[in-house]
Structure formats: C-alpha cells, structure tokens
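Below: one structure, written as structure tokens.
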Amino acid sequence: MTDLPLDPQFTFGDNITRRNQTGGIWQAVFRASTVFGILALVLLLLNILNQSFGYVAYEAKVDPVSLAVNGVALADLPKEELVKVLQAKISKAAFTKLEKDGSFTGRTSDEILGLIYERVVKYEVKETWLLWDSLTNRARIAAEVQKNYPKAKLTFESWINPGFITRPQSSNPVIAGIRTALLGSLWTILFTILVAFPLGVGAAVYLEEYAVDNWLNRLVQTNINNLAGVPSIVYGILGLAIFVRGLEPLTSGAIFGTVDPTTANGRTVLSAGFTLALLVLPIIIINSQEAIRAVPQSLRKASYGIGATKWQTVWSHVLPNAMPGILTGTILAISRAIGETAPLVVIGASTFITFDPDSPFSKFTTLPIQIYQWTSRPQAEFRNLAAAAILVLLALLLSLNAIAIVLRNRLSRKY
Amino acid sequence: MAESLNQKFDNGYPASRSGLHKRLRPGEAIIQGLLLFAGFFSIFTTLGIVYELGKEALLFFQMPEVTIWAFISGTKWAPHANEFGIWPLVSATLMTTTIAMLIAIPLGLSVAIYLSEYASPKMRDTLKPMLEVLAGIPTIVYGYFALTFMTPLLRSIFGSGVVEIYNTASAGLVMGILILPLISSMTEDALSAVPRSLREAAYGMGATKLETAVQVVLPAALSGIVAAVIVGLSRAIGETMIVAVAAGAGPNFTLNPFKGAETMTGHIVRISGGDLSYDSVDYNSIFAIGLMLFVITLTLNIISQQIVRRFREVYE
C-alpha cells in the first residue's frame, strides 16, 4: 500500500456538532411527550378529586333536628316512630299512596328514613364549590353564603363517604347513593363470568390442545382476534337483537314464571350478563391461550408417558399450571366489563330505579351508567356525585388490577 | 397444534398382539365435543352479528321512506322528517377521529421512541405501568373529564362565544389521550423487537442516537407501527362514551370543531337510551349504522393484520 500523505489540516466534515444538537432537541421533544402523557393522567385524577370534595351550602325545608321525638334523633328512631313522623308530616293522600306502593311493615326502617328525608326534610343544594376553591377561599365562600343563602348550612362535604355507598339512588342529590348501581354491576359481572369463563377456557383448551392445523381452525383463531377489535357498542346492538328481543321469554323470566310485574321485557340483568360475556370472551380466550402455550411440553409428554389420556393430561397437568395466567386474563376481562357503558345503555339499562336487583330477571343499572346519568344532568351537584362515583369505580378497578399483578408475579415460577 | 397419539409400533407387530389397545372412552369424546362447541362459539358470535345487523339493516332499507342513495349522499339526518342522510353522523365521526389521531400518533410515537431508545430500564419500569393505567381507565371517566375539564379549558382559551358547551374538539382531544397509550405500547413492542445488532451496526458507523432511532430502527419496525396506528384508528371510530357525553346530541353537518355534533356511535346511544319500540324507523336505523361501524372496523383490523403478516421483517 502506498503511503497516503495525511494532511494535518484536513478535517473530516462529519458535522457532528449540529447532529448532536438536533439529537438533543428531539430527545427533549420525546421526553416532553412522555411528560404530557403522565400530565394528562395526573390532571384527570386531580380533576376528579377536585369535584369530589368541597363546601356545600344546602337548605332543609324542615330541619331534621325538629323532627326528633322525645329527644331521640331522627336517625335513631325505631320503625313505628318513623312511620308516625311520616304520617304526621305529609298529606293523607300521599301517605295512603305510599302505603299502597308497598306496606310499611314490609319496608325497612332505612327505606322509611329515606322517604322522610325525601318528602319531609327536602334538602336542597344551593351551591357547591370545588376542592381547590374550598381550601383557598374559605372566608370568601362563607361571606357569600351569608349574603345569598342566609338560611343555608355550609359544611365541608366529602361526596364520597360510607353512606354514599350504602344509600340507594334518589333524585335528590344530597341523599343519593350508588348502592343500586353497585349491586347491579356485581350481579351483571356474576353472570358474565359464569358464562364467559367456561366458554373461554374451553375454547382456549380446544384451540391449543385439540385443534389440528387446518383452514377451519385457523379461521376460528382469526375470527377470535377480529372479535377482540369490534367496538363494544356493536356487541350492545347484538345483545339488543338477540337477548333482549329474540330470547325475551328466557331473559325476562317468562319461561320460569317469575316475571317482573312492572315491565315484562328482556331488559334484565341476564341479558346484560350475556352481552358482556360475548364482549369479554375474546379477551379470556386470547389470554388463556397464551397461558396454556406457556406450559412446557415436557410436562405433557411426561403425563402421556405414564399412560394418561389427553383429557387427563389437560385437566390434571396443563390447566393447573396455566391457572395463574388464565385467572389474570379473567381479571382483566372483569375490569373491562365493569367499566363498559355503551353496550348496556343500548341493551336498555334502567335510567332510574331505586330498588336493589334481587334476581337474574330484575331490571338493573350499573355504576358506569349511573355516572353517565349524573354527568348528563345540568346541575352542578350531580357532577360532584358523578366524581364520587368515579372514585369508587376507579378504586374497584385498581384493586382488581392489583390482584392481577400479584397473580402475574406468582406466575414467574421457573421450571 | 395437537399431536396425534395413534402411532403404530414400527417393529412390524400390530399393537393388538402385545395386548395394548386404545381403550374406548366415551367420556373423552363427550368432553372433546363440548370443547369443540366452545371453540366454535365465537364463530356463532360473528355470524350472529352479521345476521342480526344485516337483517334489521335490510328492513331499514326496505322501508319506503329510506333509499340507499339518500342514505349515502344525504346531508341531513332527521328521521321524523323523513331525511336519512348519513353524512352528518359520518362527518362528526371523522372529525373526532382526525383530532384524536392528530394527538395520538405524534405523541404516541414520541413516547414509544423515548421508552425504547432513550429511557433507562428503571424509568421504563415506572413509566410503562403509568401508561397502562391510562389505558385501563373506563371511557365514561374520560367523557366526564372532557366535559368538566377540557371544555372549560377550551372555552377559556378561545372564548365562550366561539366554543359551544358541547363540541367535537374537546371530545377529540380527550379521545387522543385515550388512544395514546394504545399506540405507544404497540409501537414500543414493535421497536423493541428490532434486534440490537442493527442499532450496534449503526452506532459502529458513527450515527448518533437520534439517527439510529429514526433512520434505522423506525423503518425496521414500520409494519408494527402502521398496524398500531390502524388499531388506534379503529378504536377511535368505535368510541362511544366520550362523544356521547361531550360532543353533543343532535346530528349536525359542520366542519367547525367547536360546535356540537353527534357521531354515529353517539347517535346509537342516544336513540337506544330512550323508549324504543321495535321495528320503528329509529330502531332499524340503529342496525344500519351499527352494520356500517362493524364493517369499517372489521376492514381496518383485517388490513392491519395483513400488513403485519406481509411486511414484518423477520430476524433470526
């Protein structure tokens, strides 16, 4: 090789400073985008917290303190006394109508107390303030309330409290609670899991253990992957056509003779459960398939080697080892189903019911639908209620996901 | 998938001579039948969707007031006035989807590039769960956020005269936040699947980190990224609760994002939320619109799967 004279003044034009500068700018851009994502999450949570606590100014038409009998506060009175208070304070016609709707001996004292609050005490919210406002402008708010609503009481209210969870729904925002919605959600999820879990795990076992690789089974697999991407509202429409309308004798309970007398149609917990089951089925199948696939072949071979049949192998060896992964997938499916609103609105979840669901054939409402209802109302206090309900929903989902993560960590048993 | 156990012994003697038979087990056959039913149940779901939607949509188009031409080309949707143009609903869906994609694609890609190329493992372990939380929040909560935070924010920025209380812009922006984690997690998976050797080779030739990420890794993962974008698109089109709460009730053919307009999904929710009598025009219109939604999202999902299958780079 000939010697090439290397001119010491010759510099390679590598432009490195400018390239590094550009790299630095874009790195800042990427970092800023991530910060934006986290910021959005934080803003969302802060906004909800902001609406869930705060000052409330409300007036009672009849002060509950004045309704105390012999010094015993209203809330502590026995049922008969409550009925007497109710009878004394509302018109005779209204009292007889209430008696007709449901005799007072049959109602619980909580229900009668609720009626008293609703018909006699008649709380009315005058104004609510956000948490940030309440913490920083206390004096100004107190002065405002003095000026505008002299008869009103100003208290710092946490819209989410134990009573909120145990009180039934009501049109009065002060005493409204989410008990009906929460129970409706739980009933619906129960039926969803009862249907989707066996079907989903069965399908996963079939596809992973029994299915031969031909066009039909590939079609089934593609079909399941596609169903996972269908919008949830299409499942709602399907449920409306098949479960509510087509299978109405079954879902309304007519076949079994236990029909809800107020409406004899298929808009029941059962239809909702079936529809959500269809929705989460692809999720359970795909997750269970992955869990079953992760079980090592050596386990199966060993089982065959000692003479077990295919089903014995699956039942005694593959499934128990895949169970943590399957359960993780099921919990993910439950989280998805609890938060679903659109399909249930299409199915026809009731917009206003005050009694708890007590059978698969009862009308129902769920927590997300309750949030939707309250968000759509124009008054500000319903926004506060919606925020409190959202906190309950998020807490529920968080605990479910925490269980899923614990299960997933248990999965990392090495073979 | 499964292995056949029907193997003959290859020493020439039939298995029966040694006394080993495959015992007839009816229980196994029954169980296999049940599992087969479970496996094919999803096919019934798809057939059910196609049949029910198609049947009722056919009823809708057979009604004397409705013609396919008016459906496709009309610009007013007022069923009681016998106007059945789908364009107001479709235009609102397109607007919210476009705004959502304008937010989600650049930000999602940036987050994914940051997480896979720049972030330390510790930071990745803290940030990824946070993004998963963002993806797991129910859409009704996003709708609430759009109505109580985003709309007042837009109104304070642009003025309450310009921005109506119900508008497609805030719904679109919040929908973008919803889809961002979806796109970013799928893109990050695609970027991480590119083998390290490609990056090392680029560094070896003197490329900076940015140049490696954008000119080497990104094109290598392009099929996965395109698939992620298409999945995000299909999710945005099918999104219901955010637009039902924040975008407005009432079909409105407008290109102004600050005005309220009803999307296809919002319309379905509003109509079915009221008292619905079977076989009325409103009832059947739900199925026609639902069928359109199903076909659009199914087509998008199939396209995304085909792109991944055909164009995915396979490294050994």
Side-chain angles (χ1 to χ4, degrees), chain A residues 19-20 22-23 26-27 29-31 33-34 36-38 40-41 43-44 47 51 199 202-203 205-213 220 223-224 226-227 229-231 233-234 237-238 241-242 245 278 281-282 309-311 335 339 341-342 345-346 368 371-372 375-376 383 386 390 393 397 401, chain B residues 1-2 25 28 31-32 34-36 38-43 45-46 48-49 52-53 56 107 110-111 113-114 118 127 130-131 133-134 136 138 140-141 143-145 147-149 177 180 208-211 231 234 238 240-241 245 265 268-269 272-273 278 286-287 290 293-294 297-298 301-302:
Chain A
R19 285 160 62 200
N20 277 338
T22 324
W26 278 101
Q27 184 171 355
V29 167
F30 297 148
R31 195 178 277 148
S33 318
T34 319
F36 175 83
I38 308 295
L41 178 64
L43 275 178
L44 190 113
N47 182 43
Q51 300 252 8
L199 272 179
V205 167
Y206 170 75
L207 284 171
E208 287 296 314
E209 301 283 331
Y210 286 85
V212 188
D213 193 14
V220 171
N223 183 44
I224 291 174
N226 281 334
L227 279 180
V230 170
I233 196 165
V234 173
I237 301 177
L238 177 69
I242 292 189
R245 193 174 171 198
L278 285 184
L281 201 60
T309 66
K310 187 156 216 159
W311 175 244
S335 320
T341 332
V345 173
V346 176
I371 297 174
Y372 174 51
T375 314
S376 318
R383 306 282 165 78
I390 289 178
L393 182 64
L397 288 175
N401 280 335
Chain B
M1 292 188 197
R25 291 174 180 268
E28 292 259 338
I31 289 179
Q32 193 163 345
L34 287 175
L35 292 178
L36 193 85
F40 279 80
F41 189 77
S42 61
I43 301 265
T45 312
T46 313
I49 292 180
E52 280 296 334
L53 291 184
E56 304 282 348
L107 288 177
S110 309
V111 172
I113 294 178
Y114 181 74
Y118 289 89
L127 288 176
M130 281 203 224
L131 286 175
V133 169
L134 208 56
I140 183 68
V141 178
Y144 179 85
F145 180 62
L147 190 63
T148 57
F149 182 83
I177 300 178
L180 195 156
T208 63
K209 207 162 196 170
L210 173 74
E211 287 158 1
V231 167
S234 127
T240 317
M241 288 328 286
V245 169
T265 48
I268 295 178
V269 164
S272 52
Y278 297 138
I286 289 182
F287 289 88
L293 269 174
F294 178 66
T297 48
L298 191 70
N301 283 333
I302 291 182

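Small disclaimer: the values here were computed from a predicted structure and weren't measured. Every chain is numbered from 1, with letters handed out A, B, ... down the list of sequences.
- Highest contact tally toward chain B, considering only A/Gly23, A/Ala241, A/Ala40, A/Gly37, is held by A/Ala241 [criterion: heavy-atom pairs under 4.5 Å].
- For a residue to count as touching a neighbouring chain, one of its non-hydrogen atoms must lie under 4.5 Å from one of that chain's; by this rule B/Ile49 touches chain A with backbone and side chain alike.
- Using a 4.0 Å cut-off between charged side-chain N and carboxylate O, B/Glu56 and A/Arg245 make a salt bridge.
- Between A/Asn20 atom CG and B/Glu211 atom CD the span is 8.5 Å, to the nearest 0.5 Å.
- Only the side chain of B/Met241 comes within contact range of chain A, judged by heavy atoms closer than 4.5 Å.
- Taking chain A as the reference chain and counting heavy-atom pairs below 4.5 Å, the highest number among B/Ile302, B/Thr46, B/Ile177, B/Val245 is found for B/Thr46.
- In terms of heavy-atom proximity, B/Ser42 sits nearest to A/Val220 at OG-CG1, 4.2 Å.
- In terms of modelled atom types and a separation under 3.5 Å, the side chain of A/Asn226 and the main chain of B/Asn301 share no donor-acceptor contact.
- Without hydrogens or angle criteria, B/Tyr144 side chain to A/Arg383 main chain gives a donor-acceptor distance under 3.5 Å.
- The shortest side-chain heavy-atom distance between B/Leu210 and A/Phe30 falls under the 4.5 Å cut-off.
- With a threshold of 4.5 angstrom between heavy atoms, B/Leu36 approaches chain A through its backbone and through its side chain.
- In terms of heavy-atom proximity, A/Ile237 sits nearest to B/Gly290 at CD1-CA, 3.7 Å.
- Summarising the geometry of A/Gly229 relative to B/Ser234, their closest heavy-atom pair is O-OG, 4.1 Å, with the distance given to 0.1 Å.
- Residues B/Phe145 and A/Asn47 form a side-chain contact, since some pair of their non-hydrogen atoms from C-beta on lies under 4.5 Å apart.
- The choice from A/Leu43, A/Thr22, A/Val205, A/Asn401 that makes the most heavy-atom pairs within less than 4.5 Å of chain B is A/Leu43.
- With chain B as the partner, the residue from A/Ile38, A/Val29, A/Leu281 showing the most heavy-atom pairs under 4.5 Å is A/Ile38.
- Looking at B/Thr45, the atoms closer than 4.5 Å to chain A (heavy atoms on both sides) sit in the backbone and in the side chain alike.
- Shortest non-hydrogen contact noted between A/Leu44 and B/Val141 is CD2-CG1, 4.0 Å.
- Interatomic distance, CG of B/Leu180 versus CZ of A/Phe36, reported as 7.5 Å (0.5 Å rounding).
- Between the OG1 atom of B/Thr297 and the CD1 atom of A/Ile233 there is a distance of 11.5 Å, given to the nearest 0.5 Å.
- No option in B/Leu127, B/Leu131, B/Leu107 other than B/Leu127 meets the side-chain contact (heavy atoms from CB on, under 4.5 Å) test with A/Thr34.
- For B/Phe149, the parts lying near chain A are the backbone and the side chain together; criterion is any non-hydrogen pair under 4.5 Å.
- Counting all heavy atoms, side chain and backbone alike, B/Leu35 lies closest to A/Tyr206 at O-CB, 3.5 Å.
- For B/Ile31, the part sitting under 4.5 Å from any heavy atom of chain A is the side chain, from C-beta outward, and nothing else.
- Contacts with chain A were tallied for B/Phe287, B/Tyr114, B/Phe41; B/Tyr114 has the most, counting heavy-atom pairs under 4.5 Å.
- Taking the side chain as every heavy atom from C-beta outward, B/Tyr118 and A/Arg31 never approach each other to under 4.5 Å.
- Proximity of B/Ile113 to A/Trp26: side-chain heavy atoms (C-beta onward) are nowhere separated by under 4.5 Å.
- Contact record, A/Val234 with B/Leu293: CG2-CB, 4.5 Å, taken as the closest heavy-atom pair.
- Only the side chain of A/Leu393 comes within less than 4.5 Å of a heavy atom of chain B; its backbone N, CA, C and O stay farther away.
- In this structure, A/Leu227 CG and B/Leu298 CG are separated by 8.5 Å, a value rounded to the nearest 0.5 Å.
- Using a 4.5 Å cut-off on side-chain heavy atoms (C-beta onward), A/Asn223 and B/Phe40 make no contact.
- Residues A/Leu397 and B/Pro138 form a side-chain contact, since some pair of their non-hydrogen atoms from C-beta on lies under 4.5 Å apart.
- To the nearest 0.5 angstrom, A/Thr375 atom OG1 is 5.0 Å from B/Ile140 atom CD1.
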